[in-house]
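Read through the structure below, which is laid out as structure tokens, and then see the notes.
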Amino acid sequence: MEGKAYYMNKPKVELHVHLDESFKPETILHFAKRRQIKIPANTVEELLKIVSYNEPLSLTEFLAKFNHYMPAIAGDREAIKRVAFEFVEMKAKEGVVYVEVRYSPHLLANSRVDPIQWGQEEGDITPDDVVDLVNQGLREGEKAFNIKARSILCCMRHMPHWSLEVVELCKKYQNDTVVAIDLAGDESLNLQAAPEHRMAYEEALRSGIHRTVHAGEAGPPSVVKEAVEVLMAERIGHGYHTIDDPHLYKELLNNKMHFETCPWSSYLTGACDPDFTKHPVIQFMKDKANYSLNTDGPLILSSTLDTDYKIAAKYMGFTEDEFKRVNINAAMSSFLPEKEKRELLCKLYKAYDMEGTEGL
């Protein structure tokens with residue numbers, strides 16, 4: 001069963017997608033040309049051949065993709081604002097009515113960041129400026145395309161000295177699109193060796209900042225346990241390998257921990273068995289776990305949200321009821337204030353011809 005008809009024209013909620021993995025190739029080419037930045041492509045087709053892929057790659061090969069296109073966008077005010085605006089447009093076309101998009105402000109800055117990324121020369125765009133520019137783009141996109149967009153600021157596991165600044169930016173812009181803090185990057189990097197991450201999350205908790213953490217994607221269940229117990233995570237990015245620890249998995253099921261799953265991404269990153277009929281999402285579905293379906297990185301993964309829904313329908317036994325359930329649970333697990341969350345849930349229930357406001 002392809003299962004396409006019942007979700008194509010229904011509203012969706014997406015909680016795990018990276019801004020810097022969602023740029024339009026046309027926009028990358030435009031700013032590379034305007035800024036006279038050399039990238040190894042002159043056309044959209046050439047660029048996509050270089051930065052996108054559809055067979056599993058190693059982490060090193062995956063990270064190398066960013067070097068080809070990030071220099072065209074990072075460190076340019078107009079470019080940063082524009083990619084945020086265009087992101088909202090892209091999600092509106094996919095039928096998303098609420099999205100939380102995440103990114104590292106430091107990866108797009110060229111001032112007051114150590115080290116400056118992508119071989120940029122020092123300029124005048126600080127991480128604070130980046131957040132303000134992204135906020136402007138998201139707000140303008142909301143008005144233009146009639147969807148709601150919020151942002152999550154990422155700490156990077158390999159750059160712990162950025163994390164305390166990230167949480168301060170979350171606090172400053174808490175009422176201006178920013179709803180949470182995230183920790184992304186190589187899961188093998190131990191938190192004990194980087195106390196700044198723990199300190200940032202402790203400050204987030206004290207300040208009422210919501211918390212999600214990339215964990216259990218390729219890493220073991222111990223990384224998920226650490227995210228929950230040390231960083232006080234309210235949601236887990238990916239979380240597939242949680243099921244390898246039955247005790248932890250049962251505990252998180254009972255606590256209704258939300259897993260932000262990304263099926264196509266998990267295949268291309270080699271995080272899970274390449275056979276989708278053996279994917280952990282199937283276990284989540286059977287156990288009525290609290291999880292959502294997300295794209296993760298549309299540009300690099302050459303995908304849309306439709307890609308992940310097709311996989312779920314074709315290989316995982318995804319039904320109309322499960323489609324409704326994961327979107328309602330995504331809305332319930334969103335980092336919106338309660339009033340806005342209720343409004344979002346009402347919109348979904350009405351569109352799904354359902355009654356009540358309780359989770360499925």
Side-chain angles (χ1 to χ4, degrees), residues 3 6-7 10-18 21-22 91 94-102 147-152 179-180 182 184 210-217 224 227 233-240 242-243 249 252-253 255-267 271-272 276 279-298 301 303-313 315-336 340-341 344-345 347-349 351-352 354 358-360:
Y6 64 74
Y7 66 76
K10 298 291 185 181
K12 309 171 190 68
V13 175
E14 185 168 14
L15 302 180
H16 190 116
V17 55
H18 293 259
E21 297 176 35
S22 304
K91 288 300 154 185
E94 294 177 9
V96 175
V97 293
Y98 175 68
V99 63
E100 291 176 3
V101 61
R102 61 190 69 194
I147 79 169
K148 185 167 286 192
R150 296 293 181 266
S151 60
I152 296 172
V179 291
D182 180 29
H210 289 295
R211 302 160 307 283
T212 184
V213 175
H214 281 71
E217 180 181 11
V224 179
E234 299 166 87
R235 296 194 327 228
I236 297 296
H238 303 286
Y240 315 117
T242 309
I243 65 173
Y249 179 52
L252 296 188
L253 276 180
N255 292 336
K256 299 190 182 302
M257 175 62 71
H258 186 85
F259 298 99
E260 307 158 354
T261 73
C262 313
W264 180 236
S265 165
S266 71
Y267 167 71
C272 299
F276 285 122
H279 200 282
V281 163
I282 296 173
Q283 189 69 49
F284 292 168
M285 179 174 62
K286 287 178 179 176
D287 296 333
K288 295 292 183 183
N290 180 11
Y291 72 99
S292 53
L293 294 177
N294 309 274
T295 52
D296 201 11
L301 305 178
S303 67
T304 66
L305 198 52
D306 190 37
T307 307
D308 292 277
Y309 278 98
K310 279 183 176 178
I311 289 168
Y315 299 104
M316 300 175 181
F318 201 67
T319 63
E320 182 175 355
D321 284 345
E322 190 66 4
F323 159 75
K324 294 174 180 178
R325 193 181 80 87
V326 297
N327 277 279
I328 287 167
N329 282 336
M332 293 180 75
S333 301
S334 72
F335 291 143
L336 282 171
E340 293 179 57
K341 190 180 292 190
L344 174 60
L345 283 164
K347 179 180 287 188
L348 294 181
Y349 279 108
Y352 297 165
M354 298 172 67
E358 298 299 321
L360 297 179

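Residue numbers count from 1 along this sequence. Here the structure is a predicted model, which means the values were calculated and not measured.
Listed by chain and number, the residues in a salt bridge (charged side-chain N to carboxylate O under 4.0 Å, His left out) with Lys256 amount to none (sequence neighbours excluded). A search for salt bridge (charged side-chain N to carboxylate O under 4.0 Å, His left out) contacts involving Asp308 returns nothing, not counting sequence neighbours. Listed by chain and number, the residues in a side-chain hydrogen bond (donor to acceptor under 3.5 Å, both in side chains) with Asn294 are Ser292 (sequence neighbours excluded). Partners of Leu253 under the side chain to side chain contact (heavy atoms under 4.5 Å, CB included) rule, at least two apart in sequence or in another chain, are Tyr249, Asp287, Ala289. Every residue two or more places apart in sequence or in another chain that forms a side chain to side chain contact (heavy atoms under 4.5 Å, CB included) with Glu322 is listed here: Met285, Lys288, Tyr291, Phe318, Thr319, Arg325, Val326. By the side-chain hydrogen bond (donor to acceptor under 3.5 Å, both in side chains) test, Thr212 pairs with Glu260, sequence neighbours left out. Residues satisfying the side chain to side chain contact (heavy atoms under 4.5 Å, CB included) criterion with Ala149, sequence neighbours excluded, are Val88, Val99, Leu138, Glu142. In this structure, Glu21 has no salt bridge (charged side-chain N to carboxylate O under 4.0 Å, His left out) partners at least two apart in sequence or on a different chain. Applying the ring-ring contact (aromatic ring centres under 6.0 Å, His included) criterion to Tyr267, with sequence neighbours excluded, gives Trp264, Phe276. Remark: Ser22 pairs with Val17, Phe87, Met90, Pro298 by the side chain to side chain contact (heavy atoms under 4.5 Å, CB included) rule, at least two apart or across chains. Applying the ring-ring contact (aromatic ring centres under 6.0 Å, His included) criterion to Tyr240, with sequence neighbours excluded, gives His238, His279.
In this structure, the side chain of Tyr352 engages the main chain of Pro11 through a donor-acceptor pair within 3.5 Å. Under the 3.5 Å distance criterion, the side-chain polar atoms of Arg150 are left unmatched by any main-chain donor or acceptor of Phe335.
Side-chain contact, Glu100 with Ser334: no donor N or O sits under 3.5 Å from an acceptor N or O.
Taking 4.5 Å as the limit, every side-chain heavy atom of Thr307 sits out of range of all side-chain heavy atoms of Thr295.
In this structure, Arg102 and Leu15 approach most closely via the heavy-atom pair NH2-O, 3.0 Å.
Between Glu320 and Lys10 there is no salt bridge, since none of the side-chain N atoms of the basic residue sits less than 4.0 Å from a carboxylate O of the acidic one.
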